Amino acid sequence: MSAHTIIVIGAGILGVSTAIWLQRNGHRVTLVDQDAPGQAASYGNSGLLAGWAIAPITSPSLWWDAPRMLVSSRQPLFVQWRKLPAMTPWLARLMSNATDKKTRKIAHNLAPLLTDTVDQHRALAAGTPVETWINDSKINFVYRNLKAFHADAYSFRIKEAAGLKADIITGRAVQDEEPMLGSSVQCIAQMSGHGHITDPGTYVAKLAGYFAAQGGTFLQTRVNGFDYHKGRISQVQTDMGALECDRIVVTAGIWSKDLMKKLGLSIPMQAERGYHVIYKNPSQTPRNPMLIADGKFGVNPMDMGLRFAGTVELGDHHAPASNAPIRLIEHYVKRIFPNLTCAEKDTWMGFRPTLPDSTPMIGEIGSTGVFTGFGHQHVGLTGGPKTGRLLAQMISGTPPNIDMSPYAPDRFSR
């Protein structure tokens with residue numbers, strides 16, 4: 001294997017994971033981001049290592065669920081209506097995947113990236129200052145009652161097909177299992193063998209520090225353009241000047257869409273604007289992380305407080321935050337955790353990079369030396385280490401042991 005000079009653009013979990021695995025394979029790696037490592041979605045996510053999250057949002061029920069959600073302030077789907085005309089082609093592609101056959105295909109393709117996430121994080125973090133930050137945990141899917149759980153049966157059949165089975169807890173046993181849940185909650189679907197991170201932003205930042213301590217270079221600068229030589233990438237133009245390279249990896253989340261335009265490529269990727277609320281110094285914390293079915297958000301006890309993270313708002317990744325998703329989260333928090341209080345609250349909004357088939361782009365664009373690692377929608381933290389490892393294998397000339405064709409970056413232009 002020959003060593004390459006590689007620039008990785010984007011210092012979130014995807015970029016940092018890729019940089020570390022490339023470095024371990026003997027390459028000269030420079031990590032570039034306009035912000036410090038571990039910001040944006042790598043900071044504001046739920047912290048859950050969601051190995052169960054193989055069922056995409058495009059289940060067949062989306063055809064009747066989406067209109068109902070859009071007309072209710074108590075549903076976890078919002079749209080910036082002024083952006084709807086521009087989003088319509090993307091939405092049409094997204095809805096074309098809302099069939100049973102395509103949903104199962106997407107789940108099949110996501111499973112190799114997600115289901116071993118805890119092991120992949122441990123392999124990435126081995127020998128680093130954060131190898132003890134990866135916590136084993138169960139995950140509790142919280143439902144009003146057994147009827148509400150059965151209404152979500154399709155999603156659990158998808159999970160079971162990948163070997164992920166839930167134990168069902170009902171009645172008074174719900175509060176025995178999780179005392180902070182109010183009496184309105186009468187059903188939990190519980191899965192064992194999962195994990196979570198209690199401070200994902202700092203976790204990624206410390207991994208980037210490890211990368212630098214091992215001889216890697218991090219540059220906080222803006223990428224302005226790219227140069228080719230004989231059809232292959234040769235330079236990245238930045239505010240600090242030109243950076244020579246023979247390979248680049250674009251792992252900049254939703255901002256990858258803008259970078260790909262600079263490379264002359266149009267990517268059908270849309271921002272799912274996600275939100276979180278942190279209850280600082282909470283009066284209660286759960287025994288295990290949760291997913292609240294009604295509000296579609298995660299609950300994770302973190303170092304800075306109790307984080308409630310989720311919802312979906314379709315819109316522009318340059319526009320400011322909205323108030324409605326935060327109000328929705330707080331509505332369900334009050335209903336489901338009636339005795340919870342806190343010293344103060346903090347809120348955040350960020351962008352999930354979502355492709356219409358809910359499947360990330362991982363691989364080389366032609367023979368250009370340009371590699372992609374973005375489009376992970378809700379599962380960037382979960383799939384980051386595995387994606388970085390796969391990219392490092394591809395760049396190093398070691399064929400991955402899974403079929404990479406579902407993630408091909410040119411699949412929308414065929």
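Note that this is a predicted model, so its numbers are computed, not measured.
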Taking atom [atom1] of [X] and atom [atom2] of [Y], what is their separation to the nearest 0.5 Å?
X: Ile54; Y: Ile158; atom1: CD1; atom2: CD1; result: 7.0 Å
X: Leu391; Y: Phe371; atom1: CG; atom2: CZ; result: 7.5 Å
X: Leu94; Y: Met87; atom1: CG; atom2: CE; result: 11.0 Å
X: Leu207; Y: Ser42; atom1: CG; atom2: OG; result: 10.0 Å
X: Thr285; Y: Asn300; atom1: OG1; atom2: CG; result: 10.5 Å
X: Ile233; Y: Ile248; atom1: CD1; atom2: CD1; result: 4.5 Å

Verify, without hydrogens or angle tests, whether [X] (side chain) and [Y] (backbone) share a donor-acceptor contact under 3.5 angstrom.
X: Ser155; Y: Asp152; result: no
X: Ser256; Y: Gly253; result: yes
X: Thr103; Y: Thr58; result: yes
X: Thr341; Y: Ser283; result: no
X: Ser413; Y: Asp410; result: yes
X: Asn140; Y: Met290; result: no
X: Thr382; Y: Gly51; result: no
X: Glu178; Y: Arg287; result: yes
X: Asn97; Y: Arg93; result: yes
X: Asp116; Y: Asp119; result: no

Is a side-chain donor-acceptor pair under 3.5 Å present for [Y] with [X]?
X: Gln186; Y: Thr170; result: no
X: Thr359; Y: Asn109; result: no
X: Glu272; Y: Thr354; result: yes
X: Asn288; Y: Ser137; result: no
X: Gln190; Y: Glu177; result: yes

What closest approach, in Å, do [X] and [Y] show between heavy atoms, and which atom pair accounts for it?
X: Thr198; Y: Pro301; answer: CG2-O, 3.7 Å
X: Trp133; Y: Ile197; answer: O-CD1, 3.8 Å
X: Gly380; Y: Leu14; answer: O-CD2, 3.6 Å
X: Ile169; Y: Val174; answer: O-CG2, 3.5 Å
X: Arg389; Y: Ala123; answer: NH1-CB, 3.7 Å
X: Gln377; Y: Arg352; answer: O-CB, 3.5 Å

Salt-bridge criterion met for [X] and [Y] (N-O under 4.0 Å):
X: Arg335; Y: Asp294; answer: yes
X: Arg104; Y: Asp100; answer: yes
X: Lys102; Y: Asp357; answer: no
X: Glu330; Y: Lys345; answer: yes

4.5 Å side-chain heavy-atom contact, [X] and [Y]:
X: Pro360; Y: Phe374; answer: no
X: Lys159; Y: Lys165; answer: no
X: Asn25; Y: Thr398; answer: no
X: Leu306; Y: Ile278; answer: no
X: Leu31; Y: Val16; answer: yes
X: Val249; Y: Ile9; answer: no
X: Lys296; Y: Thr311; answer: no
X: Glu364; Y: Val370; answer: no

For this session: Answer yes or no for Arg307 and Tyr275: cation-pi contact, defined as NZ/CZ to six-membered ring centre under 6.0 Å and angle to ring axis within 45°.
Result: no
Exercise. Quick one: is the NZ or CZ of Arg24 closer than 6.0 Å to the six-membered ring centre of Trp21, and within 45° of its axis?
Worked result: yes
Are [X] and [Y] close enough that their ring centers fall under 6.0 Å?
X: Phe149; Y: Phe141; value: no
X: Phe218; Y: Phe211; value: no
X: Tyr407; Y: His376; value: no

Where does the angle between the aromatic ring planes of [X] and [Y] fall among parallel (under 30°), tilted (30 to 60°) and perpendicular (over 60°)?
X: Trp348; Y: His276; value: parallel
X: His121; Y: Tyr203; value: tilted
X: Phe297; Y: Tyr332; value: tilted

Problem set entry | Trace of the side-chain contact (heavy atoms from CB on, under 4.5 Å) decision for Val333 with Tyr279 | CA-CA 10 Å; Val333 169; Tyr279 281 43; 3.5 Å; yes
Problem set entry | Residue pairs involving residues 201-223 (criterion salt bridge (charged side-chain N to carboxylate O under 4.0 Å, His left out); sequence neighbours excluded) | none
For this session: Show the numbers, then the answer: is there a side-chain contact (heavy atoms from CB on, under 4.5 Å) between Leu181 and Ile188?
Result: CA-CA 10 Å; Leu181 287 170; Ile188 290 175; 3.7 Å; yes
Problem set entry | Non-neighbouring partners of Asp136 that pass salt bridge (Lys or Arg N to Asp or Glu O under 4.0 Å), sequence neighbours left out | Arg122
Problem set entry | Residue list, side chain to side chain contact (heavy atoms under 4.5 Å, CB included) with Pro353, at least two apart or on another chain | Ile254, Met269
Exercise. After noting the C-alpha distance and the side-chain angles of Ile20 and Gln214, does the key distance pass the side-chain contact (heavy atoms from CB on, under 4.5 Å) rule?
Worked result: CA-CA 9 Å; Ile20 289 174; Gln214 301 302 306; over 6 Å; no
For this session: Take Arg273 and Ser322 through the test side-chain contact (heavy atoms from CB on, under 4.5 Å) and record every step on the way to the result.
Result: CA-CA 9 Å; Arg273 294 152 57 91; Ser322 304; 3.8 Å; yes
